[in-house]
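Values reported hereafter were calculated over all heavy atoms of this structure, with side chains retained and with hydrogens, waters and symmetry mates removed. In what follows, every chain begins at residue 1, and chains take the letters A, B, ... in the order their sequences are listed.
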Number of protein chains: 2
Amino acid sequence: MKPGLPKGTRDFTPAQVRKRNFIFNILRETFELYGYQPIETPAMENLHTLMGKYGDEGDQLLFKVLNNGDFLAKADAEALAEKDSRKALPSLSKRGLRYDLTVPFARFLSMNRNELAMPFKRYQIQPVWRADRPQKGRFQEFYQCDADVAGSTSLVYEAELIEIYDRVFAKLRLPVKIRINHRKLLLAMAQFAGIESLFSEFTTALDKWDKTGEPGFVRDMESLNTDADTIQSLLQILRDGFDHPDTREKLSRSEAGKQGLEELKEIQLLGGWDDLYNPVAVDLTLARGLSYYTGCILEVEPTGFDMGSLGGGGRYDDLTGIFDYKGISGVGISFGAERIYDLMEEAGLFPPLSAAATRILFMPFDREDLIYARKWVKQLIDRGIPAEVYPEPTKLKKQFKYAENLQLPYVALVGERERKAEVVAVKNQKTGEQKDYSTAELIRLLKD
Amino acid sequence: MKPGLPKGTRDFTPAQVRKRNFIFNILRETFELYGYQPIETPAMENLHTLMGKYGDEGDQLLFKVLNNGDFLAKADAEALAEKDSRKALPSLSKRGLRYDLTVPFARFLSMNRNELAMPFKRYQIQPVWRADRPQKGRFQEFYQCDADVAGSTSLVYEAELIEIYDRVFAKLRLPVKIRINHRKLLLAMAQFAGIESLFSEFTTALDKWDKTGEPGFVRDMESLNTDADTIQSLLQILRDGFDHPDTREKLSRSEAGKQGLEELKEIQLLGGWDDLYNPVAVDLTLARGLSYYTGCILEVEPTGFDMGSLGGGGRYDDLTGIFDYKGISGVGISFGAERIYDLMEEAGLFPPLSAAATRILFMPFDREDLIYARKWVKQLIDRGIPAEVYPEPTKLKKQFKYAENLQLPYVALVGERERKAEVVAVKNQKTGEQKDYSTAELIRLLKD
């Protein structure tokens, strides 16, 4: 049988796992600094938990798990006969693979509502699955990295999450700009232009600004039969930008606009943006298409790279309503770990990470040497120093090849002379220097 | 909608994630000390990679993923009409969820055969899925933790893997005994008793020794029409045990037995068992039912707890043959992380792990305090000290409750007095002591 992988999935080699963990560890470390706690949810959820949460397209892209055993025995015979996949589905599959981390989190909150102390700050770093058409940089299994707070409307968390974005990208040495906006400012814009009834369509059109720019937005607004004057009044605000006094005045004409302005001011006050590593700016063209956002929204973009968003998030007033758990406000952010990886790889931002942790390889000439070397290895490992012995007394060339492949910093030659003198001949693989070491000396060398 | 989880799956709360990570981190750390490198493989594999690898029962227990889109359009209409699930399966599902980590590893090796330098030492800690009937302590999604070496027949690795078992359980402070045996000694026993043709059935019967003891073994052998004398000669060896001179003599009558004895002696020499934290002993009743083992086999049992094996492994001469990659010998071990968790929980072996990393909670009286406190939090976090502010100036009782829930060691009261004096009033939650601290003093306190 020819070995292969399903389309859209991939293995990770040791070098890749180490690079991915470099990113995940910085995320974890930063989430923990801010008091976020890890949870994990199962890969499979009940299909009825997932269906209808991600729109029609999402329902299509969900991976469904076939019922076990004699699955056709309980299948909808009529639907099968009609070849009606949609109708047959509920009788063939009760479970699906996690599509994102937000719905499982809402489900988790709802199930544990009596035990969890609010506000509850959680982070979650787990794979999700989507049956998207595989293409370069897009996979059917990929990791999501989310931090969310549930059960508080305090703007402290918006400030905190902006700081988390800032700190993570500073640690990754990846310069970014953090764009923020407020759904209530978008509503105020729609009200100012007299298109409040088209609010949802307006935000969808605005969402394309990043991709197709002003022309795309105008085209979309025109297709909604919005008249030229209205579009012009929106464009004026968007071109002037948030800092223009006219903009502020226009937005503050409505109650929603006043609230949005007030909240952004408060977030800034709680956050101290001038103190951050990366610039933060209010950008009125930021819309975040998803309709469930109700408050502050944010997005991160790399500086100096032509690549889309590396993460986004926002406030949603009703996180758990779908599970009949009312009145829980949530605010959260997500990191696009796969894109961050690609970008860091492209820009050469990963620190040198060798393939194996091993610091030294012992190279035996014969069986006696092998037994002798194993004792040395054990002593090093006892002191927390990763060490290996080449498993067979074979040609030195082959043994050196092994050390080079794993980019090991030292090798130790072990022969009769070394055994008798109770030393090993240690070679620094970088400098080529070679010298005899006793156990104590070797431990000192490798402990540094 | 009432929130729920599929049967046999579960969420992990922060406290559980921390305990699980305590175990996983010790495993990772130890694997790395011995030069094992991490790989990851996708959750979904091609169904043809998985089917037929785990026996008929395994095929039944595999989770199959329904093809996407209009899956009935390409389904086998005849099989559907006949309600023949088995026949219909290949036309409805092309992918399945990972059932263990060994087959994916073999697939990985075969796909990357030209890039990987041998011997290749890998570890892998990932969930697997099995449609077993859910029961106490048995789940449909659970983690496997494997370390394997591919591409070398050296007994150094058997010695190394025994050491890894020993070291991991020492670090977990869980006393165990490590039982080892050799498939060639089992063959020698069968040859000695004249039942070489029943070798596979003999090992299957012996495999039950741990559960049903000698009577179970005898019953099974009788049902194979083995005569009483033969059974007696086997029992004599098993009762005498490995260290009895008679046993050695009997086993060394065959070529296989000589090899097995020789190899175990060499493994002991390479491993230095007297130096280990836990006892290692050759146990001739250890069989490891799986027929693919060909050399040394091993298993770990807790001492002083009536619980089965916490892990097992062995040498298999043909790891990747199913993928048409010949001549690759493998040896590996597996840790039963879920059982280890249950046992450590039961025995109270987890160190105290608080829910949140947060070291101090700032408690504001009003909005001004909140803004003031946020600045302190930021300074602490800048120095790597996890800190939080209670997000609203609410009743102190509620704020204290939050700190208690998260078992935070310190709280800092922030009011007008503190702001004016540029201090915070820090309370040690354990001792109840309260004292004013400047920023520098607080950093010093919490850095320890």
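Listed options A:R18, A:E45, A:R10 were ranked by heavy-atom pairs under 4.5 angstrom with chain B; first place goes to A:R18. Between chain B and the options A:L380, A:T9, A:D70, heavy-atom pairs under 4.5 Å are most frequent for A:D70. Taking A:T153, A:L47, A:D324, A:L269 one by one and counting their heavy-atom pairs under 4.5 Å with chain B, the maximum is reached by A:L269. For the options A:V65, A:N46, A:V389, A:V156, heavy-atom pairs under 4.5 Å to chain B are most numerous at A:N46. Contact count against chain B (heavy-atom pairs under 4.5 Å) is highest for A:R107 among A:K64, A:R359, A:R107. Ranked by heavy-atom pairs shorter than 4.5 Å toward chain B, the options A:L33, A:T358, A:N112 are led by A:L33.
Residues A:P14 and B:F120 are in side-chain contact: their nearest non-hydrogen atoms beyond the backbone lie under 4.5 Å apart. The shortest distance between side-chain heavy atoms of A:R95 and B:P6 falls below 4.5 Å. Side-chain contact between B:M44 and A:F63 is present, with at least one heavy-atom pair separated by less than 4.5 Å. Inter-residue side-chain proximity for B:I381 and A:Y34 is flagged as met; some heavy-atom pair is nearer than 4.5 Å. In this structure the side chain of A:M111 reaches within 4.5 angstrom of the side chain of B:L5, judged on heavy atoms. The closest side-chain heavy-atom distance from A:R167 to B:K378 is below 4.5 Å. Taking 4.5 Å as the limit, some side-chain heavy atom of B:P119 sits within range of a side-chain heavy atom of A:Y390. Side-chain contact between B:Q37 and A:L406 is present, with heavy atoms from C-beta onward closer than 4.5 Å.
B:S154 contributes no side-chain N or O that, together with a main-chain N or O of A:E392, makes up a donor-acceptor pair within less than 3.5 Å. Between the side chain of A:E141 and the main chain of B:A43, a donor-acceptor pair closer than 3.5 Å is present.
No part of A:E115 comes within reach of chain B, as not one of its non-hydrogen atoms sits under 4.5 angstrom from that chain. Interface remark: A:I385 contributes backbone atoms only to the contact with chain B (heavy atom separation under 4.5 Å). When heavy atoms are compared at a cutoff of 4.5 Å, A:E266 approaches chain B solely by way of its side chain, counted from C-beta outward. In this structure, the portion of A:Y402 lying under 4.5 Å from any heavy atom of chain B is its side chain and not its backbone.
Between B:K121 atom NZ and A:E388 atom CD the span is 3.5 Å, to the nearest 0.5 Å.
Taking all atoms of both residues into account, the shortest heavy-atom contact from B:G4 to A:T49 is O-OG1, 4.0 Å.
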